[in-house]
Amino acid sequence: MSSFLIVSKEILPDYYDKVIEARKLLESRQCKTVTEAVERCGISRTTFYKYKDYVFAFNESPKSTRKAILSVLLKDESGALSSVLNSISDHGVSILTISQAVPVAGNANVLLSLDISGIGEGLDSMITDLRHLKAVRHVHLDALE
């Protein structure tokens, strides 16, 4: 039997929503400390810590790793891969594996598997930022779990 229920938030106390909001403020780095986040949301630190690991929005996966696989086509130039990795890191994403092919005709194909469970602003934002890097010719989301 599962330990999860689907319950309408209309019958739940409003502080559950505020816990989710505080966690999102921290994950997106809009707030640097728990104290700042809970003050902004109007709940106590005690309430936040009591429920933070137990209350999730419907589209959140509690305590699970979300994964994405990206194909990136880079210009064959020094620092190209480094700029991609730095941008990914800036979004709070962890890199699980990197597979880079031998550059051909001035292009290098890179396949990245990513742990996106800690992503701040969202996958679309990260991909857009990658596409704007000088050394990136193309980015494609191959898979999402």
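Just so it is clear, the structure is predicted and the values come from calculations on it, not from any experiment.
- When atom types are taken as modelled, the side chain of Arg45 and the backbone of Val34 share no donor-acceptor pair closer than 3.5 angstrom.
- Residues Leu12 and Val55 have side chains not in contact (no heavy-atom distance under 4.5 Å, counting atoms from C-beta outward).
- Residue Phe56 is not grouped with residue Leu25 when hydrophobic side chains (ILVMFWY) are merged at heavy-atom distances under 4.5 angstrom, including chains of intermediate members.
- One distance of note links CZ of Arg23 with OG of Ser28; it measures 12.0 Å at 0.5 Å rounding.
- Two residues are said to be in side-chain contact when any heavy atoms from C-beta on lie closer than 4.5 Å; Leu85 and Leu112 meet this criterion.
- Here CD of Gln30 is found 10.0 Å from CD of Glu36. Values are rounded to the nearest 0.5 Å.
- Hydrophobic clustering (side-chain heavy atoms under 4.5 Å, transitive across Ile, Leu, Val, Met, Phe, Trp, Tyr) groups Tyr16 together with Val7.
- A heavy-atom distance below 4.5 Å is found between the side chains of Phe48 and Leu26.
- Within the 4.5 Å cutoff, side-chain heavy atoms of Leu141 are placed close to those of Ile127.
- Ala37 and Ala22 get closest at one heavy-atom pair: CB-O, 3.8 Å.
- No continuous path of ILVMFWY side-chain contacts below 4.5 Å connects Leu114 to Leu73, so the two sit in separate hydrophobic clusters.
- Here the CG atom belonging to Leu70 is positioned 5.0 Å from the CE atom belonging to Met126, to the nearest 0.5 angstrom.
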### Task
Evaluate the criterion side-chain contact (heavy atoms from CB on, under 4.5 Å) for residue pair Val136 and Leu74; output intermediate values, then yes/no.
CA-CA 5 Å; Val136 173; Leu74 300 174; 3.7 Å; yes
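- By the side chain to side chain donor-acceptor pair (under 3.5 Å) test, Arg29 is found to be paired with no residue, residues two or more places apart in sequence or in another chain being considered.
- Pairs engaging residues 87-142 under the ring-ring contact (aromatic ring centres under 6.0 Å, His included) rule: none recorded [sequence neighbours left out].
- Hydrophobic clustering, defined by side-chain heavy atoms of Ile, Leu, Val, Met, Phe, Trp and Tyr closer than 4.5 Å, groups Ile69 together with Leu111.
- Sorted by first and then second residue, the side-chain hydrogen bond (donor to acceptor under 3.5 Å, both in side chains) pairs involving residues 103-113 (not counting sequence neighbours) are Thr97-Ser113, Asn107-Arg137.
- Here the OG1-CG distance, from Thr128 to Leu123, works out to 9.5 Å after rounding to the nearest 0.5 Å.
- No donor-acceptor pair closer than 3.5 Å links the side chain of Arg40 to the backbone N or O of Glu21.
- Legend: side-chain hydrogen bond (donor to acceptor under 3.5 Å, both in side chains) pairs involving residues 70-90, not counting sequence neighbours, sorted by first then second residue: Ser71-Asp142.
- Ser125 is linked by a side chain to side chain donor-acceptor pair (under 3.5 Å) to Glu121, counting only residues two or more places apart in sequence or in another chain.
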